[in-house]
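Have a look at the structure below before the remarks.
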Amino acid sequence: MAEYKLAVIPGDGVGLEVIVEGRKALEAVASVTDGLSFQFTEFPWGSAYYRETGNFMPDDGIETLKGFDSILFGAVGDPNIPDHITLHGLLLPMRRGFDQGVCIRPAYLYPGVESPLAGKKAGDIDMVIFRENTEGEYAPVGGRLYEGTAHEVVVQTNMFTRRGTERIIRAAFEYCVRRNKKKKVTSVTKSNAQAFGMVFWDEVFREVAAEFPQIETESLLVDRACMDFVRWPEEFDVVVASNLFADILSDIAAVVTGSMGLAPSANINPEREYPSLFEPVHGAAFDIMGKGIANPLATVSAVAMMLDHFGEMEAAERVDNAVARCLQTRSVLTSDLGGTASTSEMGDEAARQIREG
Ligand code: GGG
């Protein structure tokens with residue numbers, strides 16, 4: 001009998017809409033799985049909370065979340081608050097506070113979904129991106145001096161630690177070994193220009209790769225990787241990159257597999273000392289928020305990644321299969337995939353598919 005305590009943070013924008021459907025998916029899978037249940041505690045943190053209190057979460061927010069098995073997160077971002085304030089107020093403190101250094105972002109071209117790239121068939125694109133998640137270009141290291149004057153100075157420092165770099169690269173290789181249909185790890189840097197941090201990354205990549213001689217390896221510069229994601233995405237298997245590069249690459253991977261609305265993300269604390277966080281890759285989506293048309297399937301797939309993290313493999317597979325069936329049957333789809341369904345109709349269909357298994 002497993003009962004998981006989940007913290008639910010819908011956050012902002014369409015996060016509020018898709019999280020409801022993520023919860024429906026969890027309730028559906030619990031209803032058909034013996035001994036599986038969830039206890040939800042919802043937190044109203046995000047931009048509305050910031051307007052009321054001056055903070056995106058309470059001072060003891062991280063401490064409060066420590067008591068949970070996992071966090072289900074929607075999105076952060078507000079049209080009237082600068083993005084660097086919202087992101088650094090809620091999501092990044094959780095990723096760093098819970099040492100979630102391994103971010104996993106799969107991208108798969110499902111049967112029934114059309115890629116914007118000509119000639120790509122279902123399954124042609126099947127890659128998993130490993131994003132370093134707590135340092136690199138996202139480290140809050142830097143400052144501004146003489147602001148607003150003609151001699152203003154701005155410093156923004158990338159930060160790479162051996163522990164963080166080794167950890168994400170090793171996670172990518174171990175994933176290849178565990179899911180043995182994955183055979184190649186591609187590391188992406190810009191070490192011709194970034195001669196300290198990224199040369200270091202390349203060195204660590206070679207060191208870790210030597211422990212996995214059975215896995216094919218490749219190192220690409222990020223500009224080349226961006227081109228290849230568009231012209232030859234089928235060449236990629238497992239990709240590992242720094243915080244910023246993998247964020248950009250995972251958005252490209254999401255659009256070439258049909259929609260940002262299908263891309264899930266797992267922010268993992270590999271040591272399991274702290275809760276991990278599961279979310280859709282997409283953000284608050286100001287253009288469609290409040291309209292009830294956001295695609296909730298990225299959140300449903302994030303729920304499957306959470307179940308996989310818990311070791312609830314049958315339940316995870318049931319949710320993954322339900323998403324695949326929704327996409328293949330095409331009877332209920334949101335507008336990003338050419339349908340007319342609302343967010344809640346799509347979520348109901350996913351829950352129905354989960355129950356029917
Ligand atoms: N659900 C993810 C989300 O809200 N993303 C907002 C965002 O801007 N994220 C930046 C990042 O993940 O680096």
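In this chain, residues are counted from 1 in sequence order. Below, each value reflects all heavy atoms present in this structure, side chains not excepted, and no hydrogens, waters or symmetry copies. Atoms within a ligand are numbered from 1 in the order they appear, just like the ligands themselves.
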(request) Go through the side-chain N and O atoms of Glu312 and Thr33 and say whether any donor and acceptor fall under 3.5 Å apart. (result) no
(request) Report the nearest protein non-hydrogen atom to atom 5 (N) of ligand 1: residue, atom name, distance rounded to 0.1 Å. (result) Gly283 CA, 3.9 Å
(request) Identify the protein heavy atom lying closest to atom 2 (C) of ligand 1, giving its residue, its atom name and the separation to 0.1 Å. (result) Glu279 OE1, 3.0 Å
(message) Check this for me - ligand 1, Gly74, N or O atoms closer than 3.5 angstrom, yes or no?
(response) yes
(request) Could you name the option among Pro280, Ser250, Ala263 that has the heavy atom nearest to atom 1 (N) of ligand 1? (result) Pro280
(message) Does the plane of the ring in Tyr274 sit parallel, tilted or perpendicular to the ring in Phe98? Use 30° and 60° as the thresholds.
(response) tilted
(message) Which residue and atom name correspond to the protein heavy atom nearest atom 3 (C) of ligand 1, and how close is it?
(response) His282 O, 3.6 Å
(request) Can you sort out which atoms of ligand 1 are near Val281, meaning under 4.0 Å from one of its heavy atoms? (result) 2 (C)
(request) Select one of side chain, backbone, both or neither to describe which atoms of Arg131 lie under 4.0 Å from any atom of ligand 1, heavy atoms only. (result) side chain
(request) Indicate the ring-plane relationship of Tyr108 and Tyr110, choosing parallel, tilted or perpendicular according to the 30° and 60° boundaries. (result) perpendicular
(message) Side chains of Asn55 and Thr53: any donor to acceptor distance under 3.5 Å?
(response) no
(request) Quick one: look at Asp83 and ligand 1, take heavy-atom pairs under 4.0 Å, and tell me if it's side chain, backbone, both or neither. (result) neither
(message) Quick check on contacts: which atoms of ligand 1 are under 4.0 angstrom from a heavy atom of Tyr138?
(response) 11 (C), 13 (O)
(message) Regarding Ser187 and Trp201, do their side chains bring together a donor and an acceptor under 3.5 Å, going by distance alone?
(response) yes
(request) Consider every N or O of Ala75 and every N or O of ligand 1, then say whether any pair is closer than 3.5 Å. (result) no
(message) Side chain, backbone, both or neither: which applies to Arg95 and ligand 1 if a contact is any heavy-atom pair less than 4.0 Å apart?
(response) side chain
(message) Between Thr134 and Glu132, is there a side-chain donor-acceptor contact under 3.5 Å, judged purely by atom types and distance?
(response) yes
(request) Distance to 0.1 Å, residue and atom name: give those for the protein heavy atom nearest to atom 9 (N) of ligand 1. (result) Leu87 CD1, 3.6 Å
(message) Checking Tyr50 against Asp78: is there a side-chain donor and acceptor pair closer than 3.5 Å?
(response) no
(request) Among all protein heavy atoms, pick the one closest to atom 4 (O) of ligand 1 and tell me residue, atom and distance. (result) Val76 N, 2.9 Å
(request) Look only at the side chain of Asn269 and the backbone of Pro275, and say whether a donor-acceptor pair between them is shorter than 3.5 Å. (result) no
(request) Taking atom types as modelled, find out whether Glu137 and Ser242 have a side-chain donor-acceptor pair closer than 3.5 angstrom. (result) yes
